[in-house]
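The structure appears below as structure tokens.
Chain letters run A, B, ... following the sequence lines, proteins first and then strands; every chain starts at 1.
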Amino acid sequence: MSKTIITVVGKDKVGIIAKVCNFLADNQVNILDISQTIIDGYFNMMMLADSSKAEKEFSVLADEIAKVGEEIGVQIRMQKEEIFDCMHRI
Amino acid sequence: MINLFEVNETNNMIAQDNFDVRTITLGVSLLDCIDSDLSECRRKVYEKITGLAKNLVAVGEEISKEFGVPIVNKRISVTPIALVGGACCKTEDDFVTLAQTLDKVAHEVDVNFIGGYSALVSKGMTPAEEMLIRSIPKALACTQRVCSSVNVGSTKTGMNMDAIGLMGEIVRKTAEYTKEHDSIGCAKLVVFCNAPDDNPFMAGAFHGVTEADAIINVGVSGPGVVKRVLENAKEQDFGQLCETIKKTAFKITRVGQLVAQEASRRLGIPFGIIDLSLAPTPAVGDSVADILELIGLEKTGAPGTTAALALLNDSVKKGGIMASSYVGGLSGAFIPVSEDQGMIHAVEAGALTLEKLEAMTCVCSVGLDMIAVPGDTKASTIAGIIADEAAIGMINQKTTAVRLIPVIGKKVGEMVEFGGLLGYAPIMPVNSFSCEAFVNRGGRIPAPIHSFKN
């Protein structure tokens with residue numbers, strides 16, 4: 001398994017999750033967990049996903065999903081889970 | 001499982017607080033490139049480094065993308081060239097051609113600096129080492145990416161005052177050779193005492209002879225991150241304050257460790273060390289001086305600055321040590337003037353002087369760094385400043401360094417712009433009393449006693 005964290009931050013609007021999920025489905029990235037919250041109208045979401053079956057290179061996926069974010073006016077990052085694990089877990 | 005709060009904390013460090021991995025530095029031993037024929041030596045050097053480093057930049061960028069953390073620089077350090085070129089270089093110009101080869105390699109593999117145009121002369125100079133040192137002004141003037149360093153003293157050997165006197169002249173000459181560009185050559189020249197073999201930071205990086213054939217060293221950074229957490233720590237006493245800094249240093253070093261392991265695995269080159277340094281940049285907020293001011297100083301340079309820096313430096317080390325399996329290099333807080341907005345402001349406000357900076361170097365890495373001084377500063381005065389700094393390192397068993405830039409044609413109060421990560425600096429006044437007779441004595445200052453510590 002190649003655990004990936006996807007974060008979406010931006011002004012809340014209709015269809016953010018739908019857009020992101022469609023992109024992930026099209027690229028064979030399996031969603032394992034979603035948590036989200038809205039603070040002062042700002043949408044804040046984190047997804048844990050498995051990108052091991054994806055055909056595209058990780059860096060290509062990260063670029064493409066960031067572009068999806070730009071289209072709908074939110075910031076989307078796709079990062080490997082290790083960076084968070086190493087920083088927050090001993 | 002990782003939660004939203006933790007993910008946001010990490011990403012805010014990157015997006016808002018200038019957190020980055022400052023450099024992945026590939027250390028390459030050139031001892032097997034030694035040859036009695038100069039062109040053969042140059043060919044071997046070129047082939048060995050380009051062979052090992054061809055994927056360095058690509059791998060760095062790949063890791064950066066996957067983890068979402070910027071890796072600002074990819075660099076190379078090599079065996080001190082005085083050792084590599086000793087057998088084939090008969091003149092200073094021969095050494096300069098080796099510098100040109102290194103520059104060509106740096107362009108070829110697209111690294112922004114290559115360090116190791118160096119000589120280690122803490123006790124004495126061989127003819128080749130002296131020749132390399134004398135070739136430095138020309139080498140730095142005719143190359144763009146080559147960095148040079150000279151180790152002139154150590155706790156074990158004492159100080160080589162002949163070399164220090166010579167370096168005073170060499171720093172001046174380097175300034176003159178690059179005077180059309182605000183004497184930028186001097187920004188690529190460091191004079192060390194107790195130089196570490198595995199430092200990944202430029203301009204002082206070289207690949208020591210005790211190192212393996214090739215090694216990956218990583219320098220982390222993050223003054224902006226420490227600054228952010230201290231903004232929320234105004235009410236804390238010193239115990240709590242140090243705890244806060246330690247925790248932050250731990251987190252940023254862990255990312256350095258991850259990047260180092262990944263780079264090592266993907267390049268098939270063993271991991272060497274993590275350098276736990278708080279390295280500022282000219283970006284607003286990415287400043288060590290700002291941290292000192294948040295600890296409680298009106299301006300950096302005010303009484304209390306040395307103590308504040310001591311606790312910062314020590315806490316960074318304590319936090320970082322547990323986060324990495326191997327720590328080395330310079331490891332501490334850097335206090336370069338031109339690369340740190342807060343330092344520049346403190347100098348402009350008259351709060352920070354050369355003498356206070358010297359005191360600060362007693363408790364942190366590395367030394368008098370990126371300090372612009374008037375263009376008419378005498379060679380013997382520069383040598384005297386180097387000697388003072390080397391003495392601090394020698395007696396206190398720590399690395400110290402001097403990177404002074406006598407800016408030809410400029411006077412105290414004028415500004416000098418180096419550009420990019422090197423930043424800009426106001427020209428600082430230097431004590432104008434002479435130390436010529438002291439420097440001209442020649443010989444060595446004996447190694448210090450290792451007992452009776454007072």
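At least one side-chain heavy atom of Asn27(A) sits under 4.5 Å from a side-chain heavy atom of Lys56(A).
Atom OG of Ser315(B) is separated from atom CG of Leu278(B) by 10.0 Å, given to the nearest 0.5 angstrom. Lys19(A) contributes atom NZ, which lies 9.5 Å from atom CD1 of Ile76(A) (distance to the nearest 0.5 angstrom).
In this structure, chain A has heavy atoms under 4.5 Å from both the backbone and the side chain of Glu66(B). Using a 4.5 Å cut-off between heavy atoms, Thr7(A) contacts chain B through its side chain alone, with no backbone atom that close. At a 4.5 Å heavy-atom cutoff, the contact between Glu9(B) and chain A is made by side-chain atoms alone. Interface residue Asn44(A): backbone and side-chain heavy atoms are both found under 4.5 Å from chain B.
Cation-pi geometry between Lys11(A) and Phe43(A) is not satisfied (NZ or CZ under 6.0 Å from the ring centre, within 45° of the ring normal).
More than 12 heavy atoms of other residues, nucleotides or ligands sit less than 6.0 Å from atom CD of Gln16(B).
Listed in order of number, the residues of residues 237-264 of chain B that approach chain A to under 4.5 Å between heavy atoms are Phe250(B), Lys251(B), Arg254(B), Val255(B), Leu258(B). Contact residues of residues 78-90 of chain A toward chain B are Met78(A), Gln79(A), Lys80(A), Glu81(A), Glu82(A), Ile83(A), Phe84(A), Asp85(A), Cys86(A), Met87(A), His88(A), Arg89(A), Ile90(A) (heavy-atom distance under 4.5 Å).
For Arg75(B) and Asn112(B), the side-chain atoms include at least one donor-acceptor pair closer than 3.5 Å. In this structure, a donor-acceptor pair under 3.5 Å is absent between the side chains of Asn30(A) and Lys53(A).
Closest approach of Val57(B) and Val109(B) over heavy atoms only: CG2-O, 3.3 Å. Looking at every heavy atom in both residues, Cys364(B) comes nearest to Asn313(B) through CA-ND2, 3.2 Å.
Asp340(B) contributes a side-chain N or O that, together with a main-chain N or O of Val288(B), makes up a donor-acceptor pair within less than 3.5 Å.
For Asp63(A) and Lys65(B), the salt-bridge test passes: some basic side-chain N is under 4.0 Å from an acidic carboxylate O.
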